[in-house]
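First up is the structure itself, then whatever we jot down about it.
A, B, ... follow the sequence lines: proteins, then strands. Residue 1 opens every chain. As the structure is a prediction and not an experimental result, all values here were calculated from the model.
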Amino acid sequence: AQSVTQPDIHITVSEGASLELRCNYSYGATPYLFWYVQSPGQGLQLLLKYFSGDTLVQGIKGFEAEFKRSQSSFNLRKPSVHWSDAAEYFCAVGGRPNGYGNKLVFGAGTILRVKS
Amino acid sequence: SQTIHQWPATLVQPVGSPLSLECTVEGTSNPNLYWYRQAAGRGLQLLFYSVGIGQISSEVPQNLSASRPQDRQFILSSKKLLLSDSGFYLCALSGFGYTFGSGTRLTVV
């Protein structure tokens, strides 16, 4: 069964410091991987996605993620965090979006706090 | 482009009352449709998904049900709400990609 593990429930970083949010997945076929961000009281915003090709993908707001098939990981990084990055981040895995019976499964989320 | 219309944005309902949340889709045909719930302090849990009209798969046993009466319409229902049904409900589709609605925040009082 497909699953996503985000081992860190909360992370606190100083403004300007680098950030890495961990994500490990389990999926029996070629995974489609996503990172979403949710600000308090808001819906989901897609940060980036990986389908194929270059394993280092760039997203919005200066985020990037690296797909490592051997480690079943898709960690999210940002070189310098801004206070506005404080939010909850979700990693998700699914199959080809228009695939029959495909499901998108989310991790439990990581809450990012930014201290000044 | 594919879009989802989900309403209402917020809802306060008493325990034991019925529920109907609707989501409609534009810009794609025969999409996979999903209902997710996010309870306070928890991640996004997949509740139901549908691959076509009248076809519903339930991921977790619960007090809710889903229906898909038309290709682009997905409805989440309950006959009698429980306090534990409170949460943030998101409708989603997968067609050309994954698209999410803006969500409904349900508070059961």
Side-chain angles (χ1 to χ4, degrees), chain A residues 1-10 21-27 29 31-52 57 59-60 87-113, chain B residues 1-10 21 23 25 27-53 55-60 66 68 71 87-107:
Chain A
Q2 66 193 92
S3 65
V4 176
T5 300
Q6 293 181 247
D8 304 305
I9 299 174
H10 297 96
L21 301 182
R22 295 181 291 165
C23 170
N24 291 96
Y25 69 89
S26 174
Y27 192 71
Y32 287 69
L33 294 156
F34 306 82
W35 274 99
Y36 291 87
V37 62
Q38 184 182 35
S39 297
Q42 302 298 312
L44 293 176
Q45 181 180 25
L46 178 66
L47 285 176
L48 48 79
K49 59 189 176 186
Y50 173 76
F51 288 174
S52 64
V57 294
I60 63 172
E88 189 163 16
Y89 292 79
F90 294 96
C91 181
V93 66
R96 181 168 51 89
N98 60 347
Y100 183 85
N102 173 58
K103 298 183 289 185
L104 186 63
V105 173
F106 286 81
T110 297
I111 296 173
L112 172 65
R113 299 187 179 118
Chain B
S1 62
Q2 53 193 38
T3 58
I4 294 182
H5 301 282
Q6 186 180 346
W7 68 92
T10 59
L21 301 181
C23 131
V25 172
T28 187
S29 58
N30 197 32
N32 294 332
L33 295 175
Y34 311 86
W35 278 111
Y36 289 88
R37 177 174 62 199
Q38 184 180 26
R42 301 187 63 181
L44 283 153
Q45 181 182 37
L46 179 62
L47 302 178
F48 301 96
Y49 72 97
S50 170
V51 299
I53 296 173
Q55 300 179 68
I56 307 295
S57 296
S58 174
E59 288 294 293
V60 293
R68 186 170 177 178
D71 181 49
F88 186 60
Y89 289 83
L90 277 168
C91 180
L93 73 88
S94 66
F96 298 113
Y98 291 98
T99 301
F100 287 85
S102 54
T104 296
R105 190 161 304 279
L106 171 66
T107 304

### Query
Where do B/I4 and B/L93 land on the side chain to side chain contact (heavy atoms under 4.5 Å, CB included) test, with the steps shown first?
CA-CA 8 Å; B/I4 294 182; B/L93 73 88; 3.4 Å; yes
### Task
List the steps and the verdict of side chain to side chain donor-acceptor pair (under 3.5 Å) for B/Q38 and A/Q38.
CA-CA 11 Å; B/Q38 184 180 26; A/Q38 184 182 35; 2.8 Å; yes
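Neither the backbone nor the side chain of A/Q6 comes within contact range of chain B, judged by heavy atoms closer than 4.5 Å. At a 4.5 Å heavy-atom cutoff, the contact between B/L90 and chain A is made by side-chain atoms alone. For a residue to count as touching a neighbouring chain, one of its non-hydrogen atoms must lie under 4.5 Å from one of that chain's; by this rule B/Q55 touches chain A with the side chain only. Contact of A/L104 with chain B is made through backbone and side chain together, with heavy-atom distances under 4.5 Å.
The closest side-chain donor-acceptor pair between B/S102 and B/Q6, if any, does not fall under 3.5 angstrom.
When the options B/Y34, B/Y36, B/Y89 are evaluated for a side-chain contact (heavy atoms from CB on, under 4.5 Å) with B/L47, the one that passes is B/Y89.
The two atoms that bring A/G95 and B/Y98 nearest to each other are O-OH, 3.0 Å, heavy atoms only.
Contacts with chain B were tallied for A/Y36, A/Y32, A/F51; A/Y36 has the most, counting heavy-atom pairs under 4.5 Å.
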